[in-house]
Number of protein chains: 2
Amino acid sequence: MQEFILIIDDEVQIRRLLEITLSANGYKISEASTGKEGIALAATHQPALIILDLGLPDTDGQEILKKLREWYQKPIIVLSVRNSEDDIVRALDNGANDYLTKPFRTGELLARIRVAIRHNQDISENPVIVSGALIIDLANHTARKNDELLKLTSTEFSLLALLAKNEGRVLTHQFILKEVWGLAYVEQTQYLRVFIAQLRKKIEDDPAKPKILNTESGIGYRFGY
Amino acid sequence: MQEFILIIDDEVQIRRLLEITLSANGYKISEASTGKEGIALAATHQPALIILDLGLPDTDGQEILKKLREWYQKPIIVLSVRNSEDDIVRALDNGANDYLTKPFRTGELLARIRVAIRHNQDISENPVIVSGALIIDLANHTARKNDELLKLTSTEFSLLALLAKNEGRVLTHQFILKEVWGLAYVEQTQYLRVFIAQLRKKIEDDPAKPKILNTESGIGYRFGY
DNA sequence: TTATCACATTACCACATTATCACATTATTT
DNA sequence: AAATAATGTGATAATGTGGTAATGTGATAA
(Lines give C-alpha, C1' and ligand atoms only; values in the text may rest on other atoms or scores of the structure.)
Protein backbone atom coordinates (compact mmCIF):
# COMPACT_ATOMS: atom_id res chain seq x y z
CA MET A 1 0.00 0.00 0.00
CA GLN A 2 1.17 3.45 -0.94
CA GLU A 3 1.85 5.90 1.89
CA PHE A 4 -0.50 8.81 1.84
CA ILE A 5 0.43 12.25 3.22
CA LEU A 6 -1.86 15.20 3.89
CA ILE A 7 -0.38 18.70 3.64
CA ILE A 8 -2.21 21.48 5.47
CA ASP A 9 -0.62 24.79 4.51
CA ASP A 10 -1.95 28.03 3.09
CA GLU A 11 1.19 29.01 1.18
CA VAL A 12 1.02 27.81 -2.40
CA GLN A 13 4.79 27.76 -2.85
CA ILE A 14 5.28 25.54 0.17
CA ARG A 15 2.54 23.19 -0.99
CA ARG A 16 4.09 22.97 -4.42
CA LEU A 17 7.54 22.36 -2.99
CA LEU A 18 6.24 19.64 -0.71
CA GLU A 19 4.15 18.13 -3.45
CA ILE A 20 7.16 17.81 -5.74
CA THR A 21 9.55 16.59 -3.06
CA LEU A 22 7.18 14.09 -1.51
CA SER A 23 5.80 12.61 -4.70
CA ALA A 24 9.35 12.29 -6.02
CA ASN A 25 9.95 10.11 -2.97
CA GLY A 26 7.03 7.83 -3.57
CA TYR A 27 4.40 9.36 -1.35
CA LYS A 28 0.89 10.16 -2.45
CA ILE A 29 -0.27 13.64 -1.56
CA SER A 30 -3.46 15.44 -0.71
CA GLU A 31 -3.57 19.13 0.10
CA ALA A 32 -5.61 21.57 2.11
CA SER A 33 -5.14 25.31 2.45
CA THR A 34 -7.25 25.89 5.54
CA GLY A 35 -7.64 24.18 8.88
CA LYS A 36 -11.25 23.23 8.31
CA GLU A 37 -10.52 21.73 4.93
CA GLY A 38 -7.55 19.91 6.46
CA ILE A 39 -9.61 18.31 9.20
CA ALA A 40 -12.25 17.26 6.67
CA LEU A 41 -9.65 15.70 4.38
CA ALA A 42 -7.93 13.94 7.26
CA ALA A 43 -11.25 12.37 8.24
CA THR A 44 -12.11 11.16 4.77
CA HIS A 45 -8.67 10.22 3.44
CA GLN A 46 -7.12 8.71 6.57
CA PRO A 47 -3.57 9.78 5.68
CA ALA A 48 -0.55 7.92 7.03
CA LEU A 49 0.93 11.24 8.13
CA ILE A 50 -0.07 14.90 8.29
CA ILE A 51 2.17 17.90 7.69
CA LEU A 52 0.57 20.87 9.41
CA ASP A 53 1.52 24.51 9.08
CA LEU A 54 0.77 26.38 12.30
CA GLY A 55 0.21 29.73 10.61
CA LEU A 56 -3.10 29.16 8.90
CA PRO A 57 -5.45 31.99 8.03
CA ASP A 58 -8.71 30.60 9.39
CA THR A 59 -7.89 29.08 12.78
CA ASP A 60 -5.10 28.85 15.30
CA GLY A 61 -2.86 25.99 14.28
CA GLN A 62 -2.55 24.70 17.83
CA GLU A 63 -6.32 24.33 17.99
CA ILE A 64 -6.36 22.36 14.76
CA LEU A 65 -3.66 20.15 16.18
CA LYS A 66 -5.76 19.46 19.28
CA LYS A 67 -8.86 18.79 17.20
CA LEU A 68 -6.98 16.34 14.99
CA ARG A 69 -5.51 14.55 17.98
CA GLU A 70 -8.97 13.86 19.36
CA TRP A 71 -9.24 11.00 16.92
CA TYR A 72 -6.21 10.96 14.62
CA GLN A 73 -3.43 8.73 15.96
CA LYS A 74 -0.90 8.72 13.16
CA PRO A 75 2.08 11.10 13.00
CA ILE A 76 1.67 14.85 12.66
CA ILE A 77 4.70 16.95 11.74
CA VAL A 78 4.34 20.64 12.41
CA LEU A 79 5.89 23.29 10.20
CA SER A 80 6.07 26.89 11.31
CA VAL A 81 7.92 30.13 10.77
CA ARG A 82 7.73 30.66 14.51
CA ASN A 83 10.78 29.57 16.37
CA SER A 84 9.92 30.46 19.95
CA GLU A 85 10.40 27.75 22.52
CA ASP A 86 6.87 28.31 23.76
CA ASP A 87 5.35 27.54 20.36
CA ILE A 88 7.47 24.45 19.93
CA VAL A 89 6.75 23.06 23.38
CA ARG A 90 3.04 23.74 23.04
CA ALA A 91 2.84 22.03 19.65
CA LEU A 92 4.74 18.99 20.87
CA ASP A 93 2.62 18.74 24.00
CA ASN A 94 -0.51 19.14 21.93
CA GLY A 95 0.37 15.95 20.14
CA ALA A 96 2.77 16.87 17.35
CA ASN A 97 5.43 14.25 16.67
CA ASP A 98 7.94 16.73 15.38
CA TYR A 99 8.38 20.45 14.79
CA LEU A 100 10.37 22.05 12.00
CA THR A 101 10.88 25.75 11.51
CA LYS A 102 10.59 27.31 8.09
CA PRO A 103 12.61 27.51 6.00
CA PHE A 104 13.30 23.81 6.37
CA ARG A 105 15.64 21.53 4.51
CA THR A 106 13.79 19.02 2.38
CA GLY A 107 16.24 16.20 3.08
CA GLU A 108 15.79 16.67 6.79
CA LEU A 109 12.01 16.79 6.42
CA LEU A 110 12.08 13.55 4.44
CA ALA A 111 14.25 11.90 7.08
CA ARG A 112 11.90 13.04 9.84
CA ILE A 113 8.93 11.73 7.87
CA ARG A 114 10.70 8.38 7.62
CA VAL A 115 11.27 8.37 11.37
CA ALA A 116 7.63 9.15 12.06
CA ILE A 117 6.27 6.54 9.67
CA ARG A 118 8.85 3.93 10.65
CA HIS A 119 7.57 4.16 14.18
CA ASN A 120 3.99 3.68 13.19
CA GLN A 121 4.58 0.67 11.03
CA ASP A 122 5.36 -2.15 13.38
CA ILE A 123 1.82 -3.48 13.31
CA SER A 124 2.44 -6.82 11.65
CA GLU A 125 0.04 -7.95 8.98
CA ASN A 126 -1.77 -11.17 9.59
CA PRO A 127 -2.28 -13.18 6.43
CA VAL A 128 -5.31 -14.97 7.83
CA ILE A 129 -8.22 -13.31 9.58
CA VAL A 130 -10.61 -15.44 11.59
CA SER A 131 -13.87 -14.08 12.82
CA GLY A 132 -16.45 -16.52 14.05
CA ALA A 133 -17.24 -18.97 11.28
CA LEU A 134 -15.52 -16.76 8.71
CA ILE A 135 -11.94 -17.40 7.67
CA ILE A 136 -10.31 -14.92 5.33
CA ASP A 137 -7.00 -15.83 3.73
CA LEU A 138 -5.43 -12.64 2.45
CA ALA A 139 -2.52 -14.29 0.70
CA ASN A 140 -4.68 -16.76 -1.23
CA HIS A 141 -7.57 -14.41 -1.82
CA THR A 142 -10.02 -16.94 -0.47
CA ALA A 143 -12.68 -16.86 2.18
CA ARG A 144 -14.48 -19.69 3.88
CA LYS A 145 -17.61 -19.87 5.93
CA ASN A 146 -18.22 -23.02 7.96
CA ASP A 147 -15.34 -24.58 6.02
CA GLU A 148 -16.97 -24.17 2.64
CA LEU A 149 -15.24 -21.99 0.11
CA LEU A 150 -17.08 -18.80 -0.75
CA LYS A 151 -17.20 -17.70 -4.35
CA LEU A 152 -16.19 -14.06 -4.14
CA THR A 153 -15.26 -11.82 -7.03
CA SER A 154 -12.05 -9.86 -6.62
CA THR A 155 -13.82 -6.61 -5.79
CA GLU A 156 -15.97 -8.39 -3.26
CA PHE A 157 -12.90 -9.96 -1.76
CA SER A 158 -10.93 -6.75 -1.38
CA LEU A 159 -13.91 -5.05 0.16
CA LEU A 160 -14.38 -7.87 2.65
CA ALA A 161 -10.65 -8.04 3.38
CA LEU A 162 -10.40 -4.32 4.00
CA LEU A 163 -13.27 -4.37 6.45
CA ALA A 164 -12.05 -7.52 8.15
CA LYS A 165 -8.55 -6.12 8.57
CA ASN A 166 -10.16 -3.33 10.55
CA GLU A 167 -12.47 -5.47 12.62
CA GLY A 168 -14.54 -3.41 15.03
CA ARG A 169 -13.49 -0.14 13.44
CA VAL A 170 -15.83 2.05 11.46
CA LEU A 171 -14.46 2.76 8.01
CA THR A 172 -15.92 5.75 6.23
CA HIS A 173 -17.51 5.39 2.81
CA GLN A 174 -14.81 7.57 1.32
CA PHE A 175 -12.02 5.57 2.85
CA ILE A 176 -13.41 2.26 1.63
CA LEU A 177 -14.06 3.59 -1.85
CA LYS A 178 -10.57 5.04 -2.02
CA GLU A 179 -8.97 1.77 -0.93
CA VAL A 180 -11.06 -0.60 -3.02
CA TRP A 181 -12.01 1.38 -6.12
CA GLY A 182 -9.45 4.20 -6.09
CA LEU A 183 -9.37 7.90 -5.42
CA ALA A 184 -11.61 8.81 -8.36
CA TYR A 185 -14.51 6.85 -6.91
CA VAL A 186 -14.82 8.39 -3.44
CA GLU A 187 -18.19 9.87 -4.40
CA GLN A 188 -19.74 6.62 -5.65
CA THR A 189 -21.27 5.46 -2.41
CA GLN A 190 -23.90 3.53 -4.34
CA TYR A 191 -21.26 1.12 -5.65
CA LEU A 192 -20.44 0.38 -2.08
CA ARG A 193 -24.08 -0.32 -1.22
CA VAL A 194 -24.41 -2.72 -4.10
CA PHE A 195 -21.30 -4.64 -3.16
CA ILE A 196 -22.10 -4.69 0.53
CA ALA A 197 -25.46 -6.18 -0.40
CA GLN A 198 -23.79 -8.84 -2.55
CA LEU A 199 -21.37 -9.72 0.23
CA ARG A 200 -24.13 -9.93 2.79
CA LYS A 201 -26.02 -12.37 0.60
CA LYS A 202 -22.95 -14.56 0.58
CA ILE A 203 -21.74 -14.36 4.16
CA GLU A 204 -24.60 -13.36 6.43
CA ASP A 205 -27.04 -15.92 7.83
CA ASP A 206 -29.80 -13.39 7.39
CA PRO A 207 -28.74 -10.68 4.95
CA ALA A 208 -31.60 -8.49 6.15
CA LYS A 209 -30.18 -8.54 9.68
CA PRO A 210 -26.44 -8.30 9.17
CA LYS A 211 -24.24 -9.31 12.07
CA ILE A 212 -20.88 -9.23 10.33
CA LEU A 213 -21.11 -6.31 7.94
CA ASN A 214 -22.73 -3.59 9.97
CA THR A 215 -23.94 -0.23 8.74
CA GLU A 216 -22.98 2.96 10.53
CA SER A 217 -25.52 5.28 9.07
CA GLY A 218 -24.12 8.49 7.71
CA ILE A 219 -20.56 7.33 8.30
CA GLY A 220 -19.66 3.99 6.79
CA TYR A 221 -19.45 0.29 7.59
CA ARG A 222 -17.98 -1.83 10.36
CA PHE A 223 -16.90 -5.46 10.38
CA GLY A 224 -18.12 -7.29 13.46
CA TYR A 225 -18.84 -6.14 17.04
CA MET B 1 6.92 4.20 37.34
CA GLN B 2 9.98 6.37 37.25
CA GLU B 3 11.41 7.05 33.81
CA PHE B 4 15.09 6.35 33.47
CA ILE B 5 17.26 8.31 31.05
CA LEU B 6 20.84 7.63 29.95
CA ILE B 7 23.00 10.58 28.92
CA ILE B 8 25.98 9.85 26.69
CA ASP B 9 28.04 13.02 26.33
CA ASP B 10 31.66 13.90 26.93
CA GLU B 11 31.14 17.54 27.90
CA VAL B 12 30.85 17.88 31.65
CA GLN B 13 28.86 21.12 31.48
CA ILE B 14 26.23 19.56 29.22
CA ARG B 15 25.97 16.52 31.46
CA ARG B 16 25.53 18.71 34.52
CA LEU B 17 22.93 20.88 32.78
CA LEU B 18 20.98 17.81 31.64
CA GLU B 19 21.29 16.19 35.02
CA ILE B 20 19.81 19.22 36.76
CA THR B 21 17.06 19.80 34.21
CA LEU B 22 16.00 16.21 33.87
CA SER B 23 16.03 15.32 37.54
CA ALA B 24 14.10 18.49 38.27
CA ASN B 25 11.47 17.06 35.94
CA GLY B 26 11.20 13.74 37.66
CA TYR B 27 13.53 11.60 35.56
CA LYS B 28 16.24 9.39 36.94
CA ILE B 29 19.60 9.82 35.30
CA SER B 30 22.66 7.80 34.48
CA GLU B 31 25.66 9.21 32.65
CA ALA B 32 28.42 8.09 30.35
CA SER B 33 31.20 10.18 28.86
CA THR B 34 32.31 7.81 26.12
CA GLY B 35 30.57 5.64 23.54
CA LYS B 36 31.83 2.40 25.00
CA GLU B 37 30.73 3.30 28.46
CA GLY B 38 27.39 4.41 27.07
CA ILE B 39 26.69 1.12 25.33
CA ALA B 40 27.65 -0.77 28.47
CA LEU B 41 25.36 1.32 30.64
CA ALA B 42 22.50 1.04 28.14
CA ALA B 43 22.79 -2.74 28.30
CA THR B 44 22.87 -2.94 32.08
CA HIS B 45 20.43 -0.15 32.98
CA GLN B 46 17.80 -0.57 30.24
CA PRO B 47 16.94 3.12 30.14
CA ALA B 48 13.56 4.33 28.88
CA LEU B 49 15.38 6.79 26.63
CA ILE B 50 18.92 7.65 25.59
CA ILE B 51 20.31 11.11 24.92
CA LEU B 52 23.33 10.68 22.70
CA ASP B 53 25.90 13.29 21.76
CA LEU B 54 27.33 12.62 18.32
CA GLY B 55 30.66 14.29 19.01
CA LEU B 56 32.26 11.77 21.27
CA PRO B 57 36.02 11.43 21.61
CA ASP B 58 36.38 7.67 21.27
CA THR B 59 34.11 6.65 18.43
CA ASP B 60 31.99 8.12 15.66
CA GLY B 61 28.59 8.92 17.12
CA GLN B 62 26.76 7.47 14.10
CA GLU B 63 28.47 4.16 14.71
CA ILE B 64 27.40 4.13 18.34
CA LEU B 65 23.88 4.87 17.19
CA LYS B 66 23.92 1.89 14.82
CA LYS B 67 25.39 -0.37 17.49
CA LEU B 68 22.71 0.66 19.98
CA ARG B 69 19.96 0.13 17.44
CA GLU B 70 21.03 -3.47 16.90
CA TRP B 71 19.24 -4.31 20.11
CA TYR B 72 17.91 -1.17 21.74
CA GLN B 73 14.34 -0.32 20.61
CA LYS B 74 13.44 2.56 22.89
CA PRO B 75 13.85 6.23 21.88
CA ILE B 76 17.22 7.78 21.19
CA ILE B 77 17.50 11.55 20.97
CA VAL B 78 20.66 12.80 19.32
CA LEU B 79 22.40 16.00 20.37
CA SER B 80 25.10 17.54 18.23
CA VAL B 81 26.87 20.75 17.47
CA ARG B 82 26.83 19.72 13.83
CA ASN B 83 24.00 21.24 11.91
CA SER B 84 24.59 19.89 8.41
CA GLU B 85 21.67 18.26 6.71
CA ASP B 86 23.78 15.23 5.96
CA ASP B 87 24.53 14.59 9.63
CA ILE B 88 20.91 15.01 10.59
CA VAL B 89 19.56 12.74 7.86
CA ARG B 90 22.16 10.08 8.60
CA ALA B 91 21.41 10.10 12.31
CA LEU B 92 17.67 9.88 11.75
CA ASP B 93 18.06 7.09 9.22
CA ASN B 94 20.41 5.28 11.57
CA GLY B 95 17.58 5.02 14.04
CA ALA B 96 17.53 8.26 16.00
CA ASN B 97 14.07 9.43 16.97
CA ASP B 98 15.02 13.07 17.06
CA TYR B 99 17.96 15.38 16.48
CA LEU B 100 18.70 18.61 18.31
CA THR B 101 21.58 20.93 17.58
CA LYS B 102 23.59 22.44 20.39
CA PRO B 103 23.04 24.82 21.97
CA PHE B 104 19.53 23.52 22.62
CA ARG B 105 16.71 24.96 24.65
CA THR B 106 15.95 22.85 27.69
CA GLY B 107 12.20 23.34 27.46
CA GLU B 108 12.22 22.08 23.90
CA LEU B 109 14.37 19.12 24.82
CA LEU B 110 11.99 18.22 27.62
CA ALA B 111 9.03 18.46 25.25
CA ARG B 112 10.77 16.25 22.69
CA ILE B 113 11.58 13.74 25.42
CA ARG B 114 7.89 13.68 26.33
CA VAL B 115 6.98 13.10 22.68
CA ALA B 116 9.45 10.22 22.38
CA ILE B 117 8.31 8.52 25.57
CA ARG B 118 4.63 9.15 24.91
CA HIS B 119 5.06 7.53 21.52
CA ASN B 120 6.60 4.45 22.96
CA GLN B 121 3.68 3.89 25.26
CA ASP B 122 0.50 4.32 23.27
CA ILE B 123 1.17 2.31 20.16
CA SER B 124 -2.08 1.44 18.42
CA GLU B 125 -4.32 2.46 21.29
CA ASN B 126 -7.41 4.43 20.48
CA PRO B 127 -8.22 7.60 22.34
CA VAL B 128 -11.19 6.68 24.48
CA ILE B 129 -13.14 8.54 27.07
CA VAL B 130 -14.19 6.40 29.99
CA SER B 131 -16.74 7.62 32.43
CA GLY B 132 -18.28 5.09 34.73
CA ALA B 133 -19.86 2.38 32.62
CA LEU B 134 -19.67 4.53 29.51
CA ILE B 135 -16.82 4.10 27.04
CA ILE B 136 -16.62 6.49 24.11
CA ASP B 137 -14.26 5.69 21.27
CA LEU B 138 -13.68 8.88 19.32
CA ALA B 139 -11.76 7.35 16.45
CA ASN B 140 -14.33 4.63 15.84
CA HIS B 141 -17.43 6.68 16.37
CA THR B 142 -18.67 4.08 18.82
CA ALA B 143 -19.88 4.19 22.37
CA ARG B 144 -20.47 1.36 24.80
CA LYS B 145 -22.37 1.06 28.02
CA ASN B 146 -21.65 -1.95 30.17
CA ASP B 147 -19.75 -3.39 27.21
CA GLU B 148 -22.72 -3.36 24.88
CA LEU B 149 -22.52 -1.22 21.79
CA LEU B 150 -24.90 1.72 21.79
CA LYS B 151 -26.76 2.54 18.62
CA LEU B 152 -26.14 6.26 18.23
CA THR B 153 -26.77 8.35 15.16
CA SER B 154 -23.90 10.51 14.03
CA THR B 155 -25.46 13.67 15.44
CA GLU B 156 -26.11 11.95 18.73
CA PHE B 157 -22.57 10.71 18.78
CA SER B 158 -20.95 14.07 18.16
CA LEU B 159 -23.10 15.66 20.82
CA LEU B 160 -22.19 12.99 23.35
CA ALA B 161 -18.52 13.12 22.39
CA LEU B 162 -18.40 16.89 22.75
CA LEU B 163 -19.93 16.79 26.21
CA ALA B 164 -17.81 13.87 27.31
CA LYS B 165 -14.63 15.53 26.13
CA ASN B 166 -15.50 18.33 28.53
CA GLU B 167 -16.50 16.15 31.46
CA GLY B 168 -17.55 18.21 34.46
CA ARG B 169 -17.61 21.46 32.51
CA VAL B 170 -20.79 23.31 31.64
CA LEU B 171 -21.09 23.91 27.92
CA THR B 172 -23.45 26.67 26.85
CA HIS B 173 -26.27 26.00 24.44
CA GLN B 174 -24.67 28.26 21.87
CA PHE B 175 -21.31 26.56 22.12
CA ILE B 176 -22.77 23.09 21.73
CA LEU B 177 -24.96 24.13 18.80
CA LYS B 178 -22.03 25.81 17.12
CA GLU B 179 -19.81 22.74 17.50
CA VAL B 180 -22.34 20.07 16.56
CA TRP B 181 -24.70 21.75 14.09
CA GLY B 182 -22.62 24.70 12.93
CA LEU B 183 -22.57 28.43 13.37
CA ALA B 184 -25.91 29.00 11.66
CA TYR B 185 -27.76 26.98 14.29
CA VAL B 186 -26.75 28.72 17.53
CA GLU B 187 -30.34 29.88 18.03
CA GLN B 188 -31.96 26.46 17.66
CA THR B 189 -31.92 25.42 21.29
CA GLN B 190 -34.88 23.14 20.68
CA TYR B 191 -32.72 20.83 18.54
CA LEU B 192 -30.50 20.44 21.53
CA ARG B 193 -33.36 19.59 23.87
CA VAL B 194 -34.61 16.94 21.50
CA PHE B 195 -31.23 15.32 21.06
CA ILE B 196 -30.34 15.48 24.73
CA ALA B 197 -33.60 13.67 25.42
CA GLN B 198 -32.80 11.01 22.82
CA LEU B 199 -29.33 10.50 24.27
CA ARG B 200 -30.67 10.24 27.80
CA LYS B 201 -33.08 7.53 26.68
CA LYS B 202 -30.13 5.59 25.36
CA ILE B 203 -27.53 6.09 28.08
CA GLU B 204 -29.21 7.01 31.34
CA ASP B 205 -30.55 4.36 33.70
CA ASP B 206 -33.47 6.64 34.44
CA PRO B 207 -33.82 9.26 31.71
CA ALA B 208 -36.11 11.30 33.95
CA LYS B 209 -33.33 11.58 36.55
CA PRO B 210 -30.22 12.08 34.46
CA LYS B 211 -26.90 11.41 36.14
CA ILE B 212 -24.65 11.67 33.12
CA LEU B 213 -26.17 14.40 30.99
CA ASN B 214 -27.04 17.13 33.45
CA THR B 215 -28.99 20.30 32.79
CA GLU B 216 -27.72 23.69 33.86
CA SER B 217 -30.88 25.66 33.57
CA GLY B 218 -30.51 28.87 31.64
CA ILE B 219 -26.93 28.02 30.65
CA GLY B 220 -26.41 24.68 28.99
CA TYR B 221 -25.50 21.07 29.75
CA ARG B 222 -22.81 19.26 31.64
CA PHE B 223 -21.43 15.73 31.32
CA GLY B 224 -21.05 14.03 34.69
CA TYR B 225 -20.27 15.39 38.17
C1' DT C 1 -21.28 -15.60 -32.82
C1' DT C 2 -23.36 -16.34 -28.39
C1' DA C 3 -23.00 -17.10 -23.55
C1' DT C 4 -21.22 -15.87 -19.39
C1' DC C 5 -19.31 -13.13 -15.89
C1' DA C 6 -17.96 -9.12 -13.17
C1' DC C 7 -18.57 -4.58 -12.55
C1' DA C 8 -20.99 -0.11 -13.44
C1' DT C 9 -25.12 2.36 -13.28
C1' DT C 10 -29.82 3.55 -12.62
C1' DA C 11 -34.28 3.73 -10.57
C1' DC C 12 -37.13 2.94 -6.96
C1' DC C 13 -38.61 1.80 -2.44
C1' DA C 14 -37.92 1.35 2.60
C1' DC C 15 -36.24 2.93 6.50
C1' DA C 16 -33.44 5.96 9.54
C1' DT C 17 -32.48 10.32 10.92
C1' DT C 18 -33.32 14.96 11.60
C1' DA C 19 -36.31 19.03 11.88
C1' DT C 20 -40.30 21.01 13.64
C1' DC C 21 -44.18 21.72 16.48
C1' DA C 22 -47.48 21.56 20.29
C1' DC C 23 -47.91 20.79 24.75
C1' DA C 24 -46.41 19.00 29.46
C1' DT C 25 -43.37 19.47 33.04
C1' DT C 26 -39.97 21.55 35.79
C1' DA C 27 -37.17 25.43 37.37
C1' DT C 28 -36.64 30.22 38.45
C1' DT C 29 -38.15 34.68 39.59
C1' DT C 30 -41.29 37.95 41.56
C1' DA D 1 -47.87 30.97 45.53
C1' DA D 2 -48.34 32.75 41.16
C1' DA D 3 -46.23 34.14 37.11
C1' DT D 4 -42.79 33.48 33.92
C1' DA D 5 -39.12 31.23 31.78
C1' DA D 6 -36.79 27.22 30.59
C1' DT D 7 -36.68 22.53 29.64
C1' DG D 8 -38.62 17.86 28.53
C1' DT D 9 -41.52 14.87 25.64
C1' DG D 10 -43.93 12.69 22.14
C1' DA D 11 -45.83 12.99 17.59
C1' DT D 12 -45.28 13.95 12.97
C1' DA D 13 -43.35 15.90 8.73
C1' DA D 14 -39.37 16.43 5.81
C1' DT D 15 -35.25 14.91 4.42
C1' DG D 16 -31.36 11.91 4.00
C1' DT D 17 -29.41 7.51 3.56
C1' DG D 18 -29.31 2.73 2.53
C1' DG D 19 -31.00 -1.62 0.28
C1' DT D 20 -32.40 -4.07 -3.77
C1' DA D 21 -33.53 -5.42 -8.27
C1' DA D 22 -33.02 -4.65 -12.92
C1' DT D 23 -30.37 -3.29 -16.66
C1' DG D 24 -26.23 -1.72 -19.29
C1' DT D 25 -21.41 -2.45 -20.65
C1' DG D 26 -17.33 -4.50 -21.70
C1' DA D 27 -14.34 -8.36 -21.35
C1' DT D 28 -13.53 -13.11 -22.03
C1' DA D 29 -14.30 -17.77 -23.29
C1' DA D 30 -16.93 -21.50 -25.52
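Predicted, not measured: the structure shown is a model, and the values here were computed from it. Sequence lines set the chain letters: A, B, ... in the order given, protein chains first and strands last, and positions in each chain run from 1.
Note: CG (Leu152(A)) to P (dA6(C)) measures 10 Å, nearest angstrom. Here the C1' atom of nucleotide dT7(D) and the CD atom of Glu204(B) are 15 Å apart, to the nearest Å. Following rounding to the nearest Å, Gln188(A) (CD) and dC7(C) (C1') show an atom-to-atom distance of 13 Å. Distance CD1 (Ile176(A)) to P (dT17(D)): 16 Å, rounded to an integer number of Å. Distance CG (Asp206(A)) to P (dT20(D)): 10 Å, rounded to an integer number of Å. Rounded to an integer number of Å, the gap from CG of Leu192(B) to P of dT9(D) is 13 Å. Between the CZ atom of Arg200(B) and the C1' atom of dT25(C) there is a distance of 13 Å, rounded to whole Å. In this structure, the CG atom of Leu213(B) is 15 Å from the P atom of dT7(D), given to the nearest Å.
Taking the side chain of Thr153(B) as heavy atoms from C-beta on, and the options dT18(C), dT7(D), dT20(D), the nearest nucleotide is dT18(C). Closest to the side chain of Ser217(A), from the set dA19(C), dG18(D), dT7(D), is dG18(D). Taking every side-chain heavy atom of Gln198(B) into account, dT18(C) is the closest of dG19(D), dA8(C), dT18(C). In this structure, the nucleotide among dG8(D), dG19(D), dA8(C) sitting nearest to the side chain of Trp181(A) is dA8(C). Nearest to the side chain of His173(A), among dT7(D), dG19(D), dG18(D), sits dG18(D). Taking every side-chain heavy atom of Phe195(B) into account, dT18(C) is the closest of dT18(C), dG8(D), dG18(D).
Within the 4.0 angstrom heavy-atom criterion, only backbone atoms of the sugar-phosphate kind lie near Glu216(B); the bases stay farther away. In this structure, Lys201(A) reaches the sugar-phosphate backbone alone: every heavy-atom distance under 4.0 Å involves primed, P, OP1 or OP2 atoms, never a base. Using a 4.0 Å heavy-atom criterion, one finds that Gln190(A) contacts the bases of the nucleic acid, with or without backbone contacts as well. Heavy atoms of Ser154(B) sit under 4.0 angstrom from primed sugar atoms or phosphate atoms, though from no base atom.
The partner of dG18(D) is dC13(C), judged by Watson-Crick or G-U wobble contacts that both fall below 3.5 Å. Here dA27(D) sits opposite dT4(C) as a Watson-Crick or G-U wobble pair (both hydrogen-bonding atom distances under 3.5 Å).
Listed pair Arg193(B) / dT9(D) fails the phosphate criterion, with no side-chain N or O lying under 4.0 Å from OP1 or OP2. Regarding contacts with the backbone of dT17(D), every side-chain N or O of Thr189(A) stays at 4.0 angstrom or more from both OP1 and OP2. For dT17(D), neither phosphate oxygen OP1 nor OP2 lies less than 4.0 angstrom from any side-chain nitrogen or oxygen of Thr215(A). Within the structure, a side-chain polar atom (N or O) of Tyr221(A) is placed less than 4.0 Å from OP1 or OP2 of dG19(D).
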Stepwise side chain to side chain contact (heavy atoms under 4.5 Å, CB included) check, Tyr185(A) with Ile176(A):
CA-CA 10 Å; Tyr185(A) 293 76; Ile176(A) 300 172; over 6 Å; no
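Ring pair His141(B)/Phe157(B) is tilted by interplanar angle, where 30° to 60° counts as tilted.
In this structure, a donor-acceptor pair under 3.5 Å is absent between the side chains of Asn97(A) and Arg112(B).
With hydrogens and angles ignored, the 3.5 Å screen pairs no side-chain donor or acceptor of Asp98(B) with any backbone N or O of Val78(B). Panel note: side chain Tyr221(B), backbone Arg193(B); no donor-acceptor pair is recorded below 3.5 Å.
Figure legend: cation-pi geometry between Lys67(B) and Tyr72(B) absent, as NZ or CZ is not positioned both under 6.0 Å from the six-membered ring centre and within 45° of its axis.
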